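The structure under discussion appears below in the form of structure tokens.
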Amino acid sequence: MKAYYYDNLPGDQRAPHDSGRTIPPADLSAIGVLYYHIPSLDDVNALASSRGYKNRDEITVSPEKMGDIYETKVKSFFDEHLHEDEEIRYIRDGAGYFDVRSKGDEWIRVRLEKDDLLILPAGIYHRFTTDESNYIQAMRLFKEEPKWTPLNRSGELDSNPYRKDYVTQFLN
């Protein structure tokens, strides 16, 4: 895992966009983002159990697996959004980026590779993209039935109770 401020320069979203300003894991945890490197599936299972996660699925994001919808899907993942559920992603293969908002509303880019696990709290604004390899395989963990409902950022979303809870807990 490598975390740094996003450079905000134009160009392909899959490029590193590394500003050179790194972020230590403690700064990520201060905004509710938890990172683990877990090479053992048994340890992933133990973490999932301890957090009440009962279900999971796996997704492969690549042109070969997704065909013609790949570019559209990757662009939709990159739209800034939040979820009303905690989000756990465990990288099984490949690499990609999760961008999350800092306390100052700047983008922080987190590069994840095989055996990296990231937990995003409910209500955090974020986005995702593969890296330039255009390939990632990830396990998605869910407390209940698998769902993935992104709510794209808007002024109205600031009154969402999950967003308000997130702001109260991590940004105030």
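The analysis underlying the following values was restricted to heavy atoms, covering all of them including side chains, and did not include hydrogens, waters or symmetry mates. Please read all numbers here as calculations on a predicted model, not as lab measurements.
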**Asked** Do Ile31 and Ile108 have side chains that get closer than 4.5 Å, going by heavy atoms?
**Response** yes
**Request:** Look at the side chain of Tyr90 and the backbone N and O of Leu141, then say whether any donor-acceptor pair between them is shorter than 3.5 Å.
**Result:** no
**Prompt:** Do Ile124 and Glu87 pass the side chain to side chain contact (heavy atoms under 4.5 Å, CB included) test, and can you show the C-alpha distance, the side-chain angles, and the key distance before you say yes or no?
**Reply:** CA-CA 10 Å; Ile124 189 172; Glu87 182 173 345; over 6 Å; no
**Message:** Tell me whether Glu113 is salt-bridged to Arg111, with the criterion being a basic N under 4.0 Å from an acidic carboxylate O.
**Reply:** yes
**Asked** What is the distance from atom CZ of Arg127 to atom CD of Glu80, rounded to the nearest 0.5 Å?
**Response** 7.0 Å
**Request:** Check the hydrophobic clustering (I, L, V, M, F, W, Y; side-chain heavy atoms under 4.5 Å; chains of links allowed) and say if Tyr135 and Ile69 are grouped together.
**Result:** no
**Message:** Would you say Asp85 and Tyr162 are linked by a side-chain donor-acceptor pair, where the criterion is simply a distance under 3.5 Å?
**Reply:** no
**Asked** Among side-chain atoms of Ser133 and Asp131, is any donor-acceptor pair under 3.5 angstrom?
**Response** yes
**Fill in**
Heavy-atom nearest pair, Ile136 first then Gly96, reads CD1-N, 3.6 Å
**Prompt:** Between Gln13 and Phe77, is a side chain to side chain contact (heavy atoms under 4.5 Å, CB included) present by the stated rule, with each step listed?
**Reply:** CA-CA 11 Å; Gln13 69 193 36; Phe77 293 153; over 6 Å; no
**Val61 with Tyr97, same ILVMFWY side-chain cluster at under 4.5 Å** = no
**Message:** Looking at Thr129 and Phe78, would you say the former's side chain and the latter's main chain have a donor-acceptor pair under 3.5 Å?
**Reply:** no
**Prompt:** Is the Tyr166 ring parallel, tilted or perpendicular to the Phe170 ring (thresholds 30°, 60°)?
**Reply:** tilted
**Prompt:** Given side chains that start at C-beta, do those of Val167 and Asn172 come closer than 4.5 Å, heavy atoms only?
**Reply:** yes
**Fill in**
In this structure, NZ of Lys2 is separated from CG of Asp116 (nearest 0.5 Å) by 13.5 Å
**Request:** Using the ring pair (Phe, Tyr, Trp, His ring centres under 6.0 Å) rule, collect all pairs that involve residues 15-57, keeping only residues at least two apart or in two chains.
**Result:** Tyr6-His17
**Message:** How about CG on Asp105, more than 12 heavy atoms from neighbouring residues, nucleotides or ligands closer than 6.0 Å, or not?
**Reply:** yes
**Asked** Quick one: does NZ or CZ of Arg101 land under 6.0 Å from the six-membered ring centre of Tyr125, within 45 degrees of the ring axis?
**Response** no
**Request:** Would you check if Thr130 and Tyr70 make a side-chain contact, meaning some heavy-atom pair closer than 4.5 Å?
**Result:** yes
**Prompt:** Are any non-hydrogen side-chain atoms of Thr149 and His81 less than 4.5 angstrom apart?
**Reply:** no
**Main-chain N/O of Asn45 paired with Ser49 side-chain donor or acceptor, under 3.5 Å** = no
**Spatial distance of atom CG (Leu157) from atom CG (Leu82) [nearest 0.5 Å]** = 4.5 Å
**Value rounded to 0.5 Å, distance of OG in Ser62 from CG in Asn134** = 8.5 Å
**Message:** Please determine whether the number of non-hydrogen atoms from other residues, nucleotides or ligands lying under 6.0 Å from atom NZ of Lys164 exceeds 12.
**Reply:** no
**Message:** Nearest 0.5 Å, please: how far is CG in Asp43 from CG in Asp115?
**Reply:** 10.5 Å
**Request:** Dump the intermediate steps for side chain to side chain contact (heavy atoms under 4.5 Å, CB included) on Arg51 and Ile119, then the final yes or no.
**Result:** CA-CA 11 Å; Arg51 295 183 82 86; Ile119 301 174; 3.6 Å; yes
**Message:** Please give me the minimum heavy-atom distance between Phe98 and Leu120, naming the atom from each residue.
**Reply:** CD2-CD1, 3.9 Å
**Asked** Are there more than 12 heavy atoms of other residues, nucleotides or ligands under 6.0 Å from atom NZ of Lys143?
**Response** yes
**Prompt:** Rounded to the nearest 0.5 Å, how far does CD1 of Ile91 lie from CG of Leu112?
**Reply:** 5.0 Å
**Request:** Determine, stepwise, if the pair Lys114 / Gln137 fulfils side chain to side chain contact (heavy atoms under 4.5 Å, CB included).
**Result:** CA-CA 9 Å; Lys114 186 178 182 332; Gln137 180 184 3; over 6 Å; no
**Asked** Any idea which heavy atoms bring Thr60 and Lys65 closest together, and the distance?
**Response** CG2-CG, 3.4 Å
**Prompt:** Is a salt bridge present between Arg109 and Asp99, judged by a nitrogen-to-oxygen distance below 4.0 Å?
**Reply:** yes
**Prompt:** Closest heavy-atom contact between Arg56 and Phe142?
**Reply:** CA-CD1, 4.1 Å
